[in-house]
Asks: 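Just dropping this structure here.
The first residue in the sequence is number 1, and the count goes up from there. Atoms considered below: every heavy atom in the structure, side chains included; atoms not considered: hydrogens, waters and symmetry mates. Just so you know, ligand 1 is whichever comes first in the structure, and atom 1 is the first atom listed for that ligand. In this text, all values refer to a predicted model and were calculated from it rather than measured experimentally.
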Amino acid sequence: MKTAECLNHLEPYLFAQIDKKRDALKAQGVDVISLGIGDPDQPTPAHIVEAMEKAIRKPENHQYPDYAGSKAYREACASYMDKRFGVKLNPDTEILALIGSKEGIAHLHTAFVNPGDYVLVPSIGYPVYSGGATLQSAHSYFMPVLEENGFLADFDSIPEDVLAKAKIMFLGYPNNPTGACADEAYFDKAIEFCLEHDILLAHDNAYVDICYDGYKAPSILERPQAKKCCIEFFSLSKSYNMTGWRIAFAAGNVEAIQALGTVKNNLDSGQFTAIQEAAIAALTGPQDCVQEMCKLYQHRRDLVVDALRTIGLDCKAPKATIYVWTKVPEDETSESFATKLLEQAHVIVTPGNGYGPDGEGYIRISLTTPDERLLEAVRRIKELV
Ligand SMILES: *Cc1c(COP(=O)(O)O)cnc(C)c1O
């Protein structure tokens, strides 16, 4: 049996390797604390679970869902976008339900990218942006992401021949893994650039609700020209502790939404309507659960930043996201330092090189570990000095 050629070009999935290492140590009886994966540890808020309990009992929800998402869910998404950002969207043509935003991001390539085309991806970023290109037998061009530029991807240096074949540019701020945030001027510049070169700008906004110190992250769709070339991905995963539910939505440019919908019509039949009903409860219900989560993560962020500074690492406290991103010591690589933390402190962190070429020399620490375990990890890291 011979698998498709593109499968040979995929990078091994980053977290699969980390899970393997963790399991091997655990099998030896070692008490390993994982600060590796970004998966909220707190349960989904009760009012959302209760909405699901009701929804699951309705026989009409047991049939095939509306492929694009139920009208009620798309309307709830539109009302969230209006209330939160003042962005007006037509729920019939500018919103599409997704089975998690990873699904939508991956399938966007199918809708826009031909074999041999280019996809512009940040040189530090969510692995699905380039993985999706590989699965289409397309190339990824890594836009430099450097600390001295505030980890904002630099699209001014892309060669002309790449631009001529570029179909999608992926950006995502607040950013996983760097924690960087982008301002309006950067978004406007990116939009102008994509309009000039006829490129779809895909903005991944998974962390829009997880902000600290009074910061409020924007939607790229707030920008005046955005609807001409932007599709934005929102996910309930991080905002409402719903990673396991697989529910998200895409919003923005009509043609992009329609093309992605066409791909999905042929590949899946939408998300369980009961889950969409629970998501409506999340988007339209009380939002204090989100504020509580942010408070909790902000406290954890401060603990981690303090521990890293204690061992001599100069790390910045992020304004958003559930990650602390920091340079490793001078004489270490991402891999060697992550291995040292694993072997000497029994703490798992993610080596930065797994997020792309410019991630080398960094590690990512996730804040999704219960407080007492995080405190223990912090204690062990401090002991390393
Ligand atoms: C967590 C995350 C997502 C959300 O994925 P879902 O499939 O909606 O759970 C999307 N993009 C980034 C960068 C993420 O970290």
Asks: Less than 3.5 Å apart, any donor N or O on the side chain of Q258 or T93 sitting next to an acceptor on the other?
Replies: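 Looking only at side-chain atoms, T93 and Q258 do not form any donor-acceptor pair under 3.5 Å.
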
Asks: Angle between ring planes, F249 versus Y73, binned at 30° and 60°: parallel, tilted or perpendicular?
Replies: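 Perpendicular.
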
Asks: Do you see a donor-acceptor pair shorter than 3.5 Å between the side chains of N241 and T44?
Replies: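 No pair is found: no donor N or O on one side chain lies under 3.5 Å from an acceptor on the other.
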
Asks: Under a 4.0 Å heavy-atom cut-off, which residues neighbour ligand 1?
Replies: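 Heavy-atom contacts below 4.0 Å: G100, S101, K102, Y126, N176, D204, A206, Y207, S235, S237, K238, R246.
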
Asks: Is it the case that K319 places NZ or CZ above or below the six-membered ring of Y215, under 6.0 angstrom from the centre and within 45 degrees of the axis?
Replies: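 Judged by the rule (NZ or CZ under 6.0 Å from the ring centre, within 45° of its axis), K319 counts as positioned above Y215.
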
Asks: Parallel, tilted or perpendicular: which fits the ring planes of H203 and Y173, with parallel below 30° and perpendicular above 60°?
Replies: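 Taking Y173 first and then H203, their aromatic rings lie parallel (interplane angle under 30°).
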
Asks: Evaluate whether atom CD of E192 has more than 12 neighbouring non-hydrogen atoms of other residues, nucleotides or ligands under 6.0 angstrom away.
Replies: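 Not more than 12 within 6.0 Å, no.
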
